[in-house]
Amino acid sequence: MAYLLKNISNLVTCAQQGKDKGARKGKNASEIGLIKNGNVITVNDRIVFAGGTSALKLYLLKNKIKNLSEIDAAGKTVMPGFIDSHTHLVFAGSRSDEYEMRIKGSSYEEIAKAGGGISSTVNKVRKASGGELTRAAEKRLGNFISYGTTTLEAKSGYGLDVKTELKMLEVINKLNKKNKYGIDIYPTFLGAHSVPKGICKEEYIEIICSEMIPAVAEGGLAKFIDVFCEKGYFSAKDSERILSTGARFGMIPKLHTDQFYSIGGIDTAIKVKAISVDHLEVLKSNDIKKLRKKNIIATLLPGASYFLDISYPPARELIANEIPVAIATDFNPGSSMTENMQIIMSLSSLKMKMSSEEIINAATINGAYALFIQDISGSIEPGKQADLLIFDFPSYNDLIYHYGVNQLEKVMKKGRFAN
Ligand code: NIG
Ligand code: FE
């Protein structure tokens, strides 16, 4: 299979001129590697060429490509597939009842204290079979890809016992190996999402560290480890213990932190060399300063701010302080029930005042850095995986401006059209 997408009005490569300088930050966060009248050639699952018309002619003179199908993309915009680097893809049931309660005035915290929240999903996930969880998740993958997500991260965290945490991770790993759309799914162990009923926190942390983490590592079931560092969940100290144990077993730390309260999660993330800090709705200026030059991605989840009607993370201050920003859905049944990265991009613009260029980098190459897959995904460059989106508009600005309508025409995942 080989394709030439030609005459692309706006080819947004998200590639870096010259040497790649790492995740996009500061001024560099606005560099999207735009090529007007661009062309892309893919062979099998890889990109082999991306460039302007004269470079294309030269390339085709030097390289003979068999059975090249040509697609005229005049009037279209092509960009890298979106990378949703924070999701809770696998769960059972719905929490629409809690949503209604929140609309009537109850808060997320109040609902959780009254027995709803994460623990209500835990009850349903414990009862569900692996097959049921897989079918529900695969249906959601169809929603993800229809809005342009070609790679995602997926967390456990609705089991909270050894058996069910492993069941969730097995579902994620199985789906990564095989799903209808070829979407890549990177698994994260989030046993420390909440303390399950009937056991005290210290006892549960002991189970996480001495039973769950070794079992997850033994099965090779998770690339990342994550903790919900929050008042009423896990403290900064708890998080440090759990994340450093995970790291010793080969998992890369991530951290849910500063969503409702700022309780020291940023110090912990720096100590354990986390790859990303996620949420950050109430992040303080002195913590932003601490994150400078630390090579930690700030993963912002404006869908959770919208859905819970709370404050938005300080994207402008993060970018001004040269901290790389990624954006993700946080897709989950309690605080962000959407698979749609395009909505997240619109919220990033209107509510966090990010520019279109910053948003596109945050949804692609910086998401790749947050998953440590920057060498294979996140930009349109020779050698990378052929994960491309074709939009039916000539200028990339239209993606953010024309909101609430899906203008995605075609999705190419690993060199095949997925729709
Ligand atoms: O990322 N903050 C913690 N965990 C999820 C919510 C999970 C749930 O409510 O089911 C989040 O927002
Ligand atoms: Fe989350």
Side-chain angles (χ1 to χ4, degrees), residues 84-99 101-102 106-126 128 133 136-137 140 152-160 164-165 168 172 186-196 224-234 238-239 242 253-263 265 269 274 276-283 297-313 326-339 344 347 367 370-371:
D84 192 343
S85 61
H86 182 137
T87 89
H88 304 253
L89 169 74
V90 175
F91 61 85
S94 156
R95 305 225 303 265
S96 58
D97 51 342
E98 289 182 12
Y99 175 81
M101 284 161 74
R102 284 197 294 101
S106 307
S107 72
Y108 181 83
E109 268 182 289
E110 285 162 359
I111 291 169
K113 273 199 189 118
I118 293 171
S119 71
S120 90
T121 301
V122 169
N123 293 336
K124 292 171 193 144
V125 169
R126 285 180 179 173
L133 292 173
R140 294 170 195 143
L152 53 90
E153 179 258 19
K155 301 175 196 294
S156 67
Y158 291 121
L160 311 186
T164 320
E165 283 297 309
M168 286 190 75
I172 295 168
Y186 290 90
T188 296
F189 170 58
L190 177 60
H193 198 189
S194 183
V195 179
F224 303 99
I225 178 159
D226 194 351
V227 174
F228 187 21
C229 180
E230 185 59 60
K231 233 189 215 179
Y233 295 81
F234 297 91
D238 300 334
S239 305
I242 296 161
K254 283 181 169 283
L255 193 59
H256 279 73
T257 188
D258 292 71
Q259 182 179 13
F260 301 111
Y261 297 95
S262 188
I263 60 164
S276 70
V277 283
D278 302 39
H279 273 289
L280 313 179
E281 287 84 336
V282 298
L283 185 63
I297 311 280
T299 301
L300 311 184
L301 312 166
S305 298
Y306 176 72
F307 201 73
L308 297 180
D309 205 10
I310 60 172
S311 63
Y312 286 80
I327 53 174
T329 57
D330 192 19
F331 172 68
N332 78 76
S335 69
S336 185
M337 189 57 191
T338 186
E339 298 96 327
I344 301 306
L347 291 171
L371 296 183

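Indexing begins at 1, ligand by ligand and atom by atom, following the structure's order. Fair warning: this is a prediction, and the values are worked out from it, not measured in the lab. The analysis underlying the following values was restricted to heavy atoms, covering all of them including side chains, and did not include hydrogens, waters or symmetry mates. The first residue of the sequence shown is numbered 1, and numbering continues consecutively from there.
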Tell me which N, O or S atom from D330 is the closest to the Fe ion (ligand 2).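 Among the N, O or S atoms of D330, the one closest to the Fe ion (ligand 2) is OD1.
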At what distance is the nearest protein heavy atom to [atom], and which residue and atom is it?
atom	result
atom 4 (N) of ligand 1	H193 NE2, 2.8 Å
atom 10 (O) of ligand 1	Y158 OH, 2.6 Å
atom 2 (N) of ligand 1	Q259 OE1, 2.8 Å
atom 12 (O) of ligand 1	S335 OG, 2.5 Å
atom 11 (C) of ligand 1	D330 OD2, 3.2 Å

Going by the atom numbers of ligand 1, which of them fall below 4.0 Å from some non-hydrogen atom of [X]?
X	value
Y108	6 (C), 7 (C), 8 (C), 9 (O)
N332	5 (C), 6 (C), 7 (C), 8 (C), 9 (O), 10 (O), 11 (C), 12 (O)
F228	2 (N), 3 (C)
I118	7 (C), 8 (C), 9 (O), 10 (O)

Where the side chain of [X] meets the backbone of [Y], is there a donor-acceptor pair that is under 3.5 Å apart?
X	Y	value
K155	F224	no
Q259	E281	no
E165	G157	yes

Euclidean distance, [Y] [atom2] relative to [X] [atom1], rounded to 0.5 Å:
X	Y	atom1	atom2	result
S335	E98	OG	CD	10.5 Å
I111	R102	CD1	CZ	6.0 Å
R140	H88	CZ	NE2	12.5 Å

Margin query: Below 4.0 Å, non-hydrogen atoms only: which portion of R95 touches ligand 1? Side chain, backbone, both or neither.
Written below: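 R95 to ligand 1: side-chain contact only, backbone stays beyond 4.0 Å.
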Exercise. So Y158 and F91, would you call those rings parallel, tilted or perpendicular, with 30° and 60° as cut-offs?
Worked result: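 Correct class here is perpendicular.
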| query | Aromatic rings H256 and H193: how do their planes relate, parallel, tilted or perpendicular, breaks at 30° and 60°? | reply |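 Aromatic pair H256/H193 classed tilted.
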N/O/S from H86 sitting under 2.8 Å away from the Fe ion (ligand 2):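 Yes, since at least one N, O or S atom of H86 sits under 2.8 Å from the Fe ion (ligand 2).
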- Query: In terms of heavy-atom contacts, does CZ of F260 have more than 12 from other residues, nucleotides or ligands at under 6.0 Å?
  - Reply: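 Yes, CZ of F260 has more than 12 neighbouring heavy atoms, counting only those of other groups under 6.0 Å.
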Notebook entry, point to check: Hey, is H279 one of the residues with a heavy atom under 4.0 angstrom from ligand 1?
Noted result: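 Checking ligand 1 against H279, which is what was asked, there is a heavy-atom contact under 4.0 Å.
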